[in-house]
Colleague: 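Encoded as structure tokens, here's the structure I'll be asking about.
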Amino acid sequence: MKLGYTIIYVPDVAAALAFFETAFGLTRRFLHESGAYGELETGATTLSFAAHELGEMNFPGGHVAAHSSPQPLGFEIALVTGDVPAACMRGPAAGAREMAPPTHKPWGQTVSWVRTPDGVLVELCTPVTG
């Protein structure tokens with residue numbers, strides 16, 4: 001097995017794609033003509049977004065919408081960059097909320113967290129060394 005893609009359910013797929021394009025410079029792979037599903041180019045693993053309506057169809061018992069949760073959900077996506085402070089500034093400039101400023105960790109990594117307008121927790125980090 002290998003991780004193929006991550007799907008995040010959001011209120012507006014096109015807006016989520018546009019946020020990640022603007023905030024972090026990712027490239028749109030496609031947006032389905034229905035507007036209910038889209039993907040970004042992120043390397044070996046695809047970052048995908050799907051409309052909450054698809055989530056409701058897939059999970060008849062419901063699901064937690066990150067954008068309506070007062071606290072970040074218990075997961076994050078991590079975007080690796082060589083310049084965490086610059087990336088951390090771009091997120092809020094595009095509408096994200098800073099959750100933690102850039103911090104140097106004992107294992108040599110610099111990390112910061114932002115929460116997107118859709119409520120997704122994004123770790124901005126340097127590569128893990130060592």
Side-chain angles (χ1 to χ4, degrees):
M1 293 247 192
K2 69 175 187 167
L3 180 61
Y5 51 94
T6 298
I7 300 173
I8 300 172
Y9 292 92
V10 296
D12 184 333
V13 174
L17 294 172
F19 169 81
F20 277 85
E21 290 169 321
T22 300
F24 306 119
L26 297 178
T27 302
R28 184 178 305 203
R29 181 178 292 163
F30 78 92
L31 174 61
H32 187 268
E33 63 187 34
S34 69
Y37 181 81
E39 296 181 352
L40 294 168
E41 295 288 348
T42 58
T45 302
T46 301
L47 180 57
S48 309
F49 297 91
H52 283 297
E53 293 78 18
L54 287 177
E56 292 165 8
M57 192 171 61
N58 293 335
F59 314 112
H63 66 280
V64 177
H67 74 279
S68 62
S69 175
Q71 298 288 341
L73 301 181
F75 72 92
E76 64 185 49
I77 61 168
L79 298 177
V80 180
T81 178
D83 191 348
V84 172
C88 187
M89 290 173 47
R90 288 178 64 187
R97 184 174 60 150
E98 183 180 72
M99 300 298 288
T103 305
H104 188 72
K105 297 295 185 180
W107 52 88
Q109 191 179 33
T110 301
V111 299
S112 176
W113 286 268
V114 298
R115 191 169 180 200
T116 73
D118 291 322
V120 177
L121 189 59
V122 177
E123 177 182 344
L124 304 167
C125 58
T126 55
V128 175
T129 58

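Each residue takes its place number in the sequence, starting with 1.
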Colleague: Is any side-chain heavy atom of Pro127 closer than 4.5 Å to one of Gln109?
Modeller: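 No, every pair of side-chain atoms sits at 4.5 Å or beyond.
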
Colleague: Run Phe75 and Leu121 through side-chain contact (heavy atoms from CB on, under 4.5 Å) and show every step you take.
Modeller: CA-CA 7 Å; Phe75 72 92; Leu121 189 59; over 6 Å; no

Colleague: According to side-chain hydrogen bond (donor to acceptor under 3.5 Å, both in side chains), who are the partners of Glu123, at least two apart in sequence or on a separate chain?
Modeller: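 Applying side-chain hydrogen bond (donor to acceptor under 3.5 Å, both in side chains) to Glu123 gives none.
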
Colleague: In this structure, would Tyr37 and Met57 fall into the same cluster of hydrophobic residues linked by side-chain contacts under 4.5 Å?
Modeller: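 Linked, Tyr37 and Met57 end up in one cluster.
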
Colleague: If two hydrophobic side chains count as joined below 4.5 Å and joins carry through other members, does Leu47 share a cluster with Leu73?
Modeller: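 Per the 4.5 Å side-chain linkage, Leu47 and Leu73 are not co-clustered.
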
Colleague: Is the backbone N or O of Pro72 less than 3.5 Å from a side-chain atom of Ser69, with the two atoms forming a donor-acceptor pair by type?
Modeller: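 Not a single qualifying donor-acceptor pair exists.
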
Colleague: Under the side-chain contact (heavy atoms from CB on, under 4.5 Å) test against Arg115, which residue among Glu98, His67, Arg97 passes?
Modeller: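 With Arg115 as partner, Glu98, His67, Arg97 yield a single side-chain contact (heavy atoms from CB on, under 4.5 Å), made by Arg97.
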
Colleague: Kindly give the heavy-atom pair with the smallest separation between Pro101 and Ser112, and that separation in Å.
Modeller: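 What the structure gives for the nearest pair is C-OG, 3.8 Å.
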
Colleague: Please find the pair of heavy atoms, one from Thr126 and one from Gly82, that lie closest to each other, and give the distance.
Modeller: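 Smallest interatomic distance, heavy atoms only, reads CG2-O, 4.3 Å.
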
Colleague: Measure the spacing between CG of Leu17 and CZ of Phe30 and express it to the nearest 0.5 Å.
Modeller: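 Leu17 atom CG to Phe30 atom CZ measures 9.5 Å (nearest 0.5 Å).
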
Colleague: Is Leu31 linked to Leu40 within one hydrophobic cluster, defined over Ile, Leu, Val, Met, Phe, Trp and Tyr using a side-chain heavy-atom separation of less than 4.5 Å?
Modeller: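 Linked, Leu31 and Leu40 end up in one cluster.
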
Colleague: Below 4.5 Å, heavy atoms only, C-beta onward: do Thr27 and Phe20 meet side chain to side chain?
Modeller: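 Heavy-atom side-chain distance check fails, nothing below 4.5 Å.
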
Colleague: Start with the C-alpha gap between Leu79 and Val122, add the side-chain angles, then the distance that decides, and say whether side-chain contact (heavy atoms from CB on, under 4.5 Å) holds.
Modeller: CA-CA 7 Å; Leu79 298 177; Val122 177; 3.9 Å; yes

Colleague: Would you list the atom pairs, donor with acceptor, under 3.5 Å between side chains in residues 2-9 and any protein atom, with sequence neighbours excluded?
Modeller:
from, atom 1, to, atom 2, distance (Å)
Tyr9, OH, Asn58, ND2, 3.3

Colleague: Provide the closest heavy-atom pair for Ala65 versus His52 in the form atom of the first, atom of the second, distance.
Modeller: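 Shortest heavy-atom separation between Ala65 and His52 comes out as CB-CE1, 3.5 Å.
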
Colleague: Evaluate whether atom CE of Met89 has more than 12 neighbouring non-hydrogen atoms of other residues, nucleotides or ligands under 6.0 angstrom away.
Modeller: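 No - once you tally the heavy atoms of other residues, nucleotides and ligands closer than 6.0 Å, there are 12 at most.
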
Colleague: What are the two closest non-hydrogen atoms of Ala16 and Val10, and how far apart are they?
Modeller: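 That closest heavy-atom pairing would be CB-CG2, 4.0 Å.
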
Colleague: Minimum heavy-atom separation for Asp12 and Ala15, please, with both atom names.
Modeller: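 Heavy atoms only, the tightest pair is OD1-N, 3.0 Å.
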
Colleague: Among the clusters formed by ILVMFWY side chains lying less than 4.5 Å apart, do Phe49 and Leu26 turn up in the same one?
Modeller: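 Cluster IDs for Phe49 and Leu26 match.
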
Colleague: At their closest point, which heavy atom of Ser48 faces which heavy atom of Glu39, and how far apart are they?
Modeller: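 What the structure gives for the nearest pair is OG-CG, 3.6 Å.
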
Colleague: Of all residues at least two apart in sequence or in a different chain, which pass the ring-ring contact (aromatic ring centres under 6.0 Å, His included) check with Phe19?
Modeller: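 Here the qualifying residues are Phe24.
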
Colleague: Do Cys125 and Thr81 have side chains that approach each other closer than 4.5 Å (heavy atoms only, starting at C-beta)?
Modeller: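 Side chain of Cys125 against side chain of Thr81, heavy atoms only: no contact under 4.5 Å found.
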
Colleague: Please determine whether residues Val111 and Leu124 belong to a single hydrophobic cluster, defined as Ile, Leu, Val, Met, Phe, Trp and Tyr linked transitively by side-chain heavy-atom distances below 4.5 Å.
Modeller: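 No; Leu124 is not reachable from Val111 via cluster members.
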
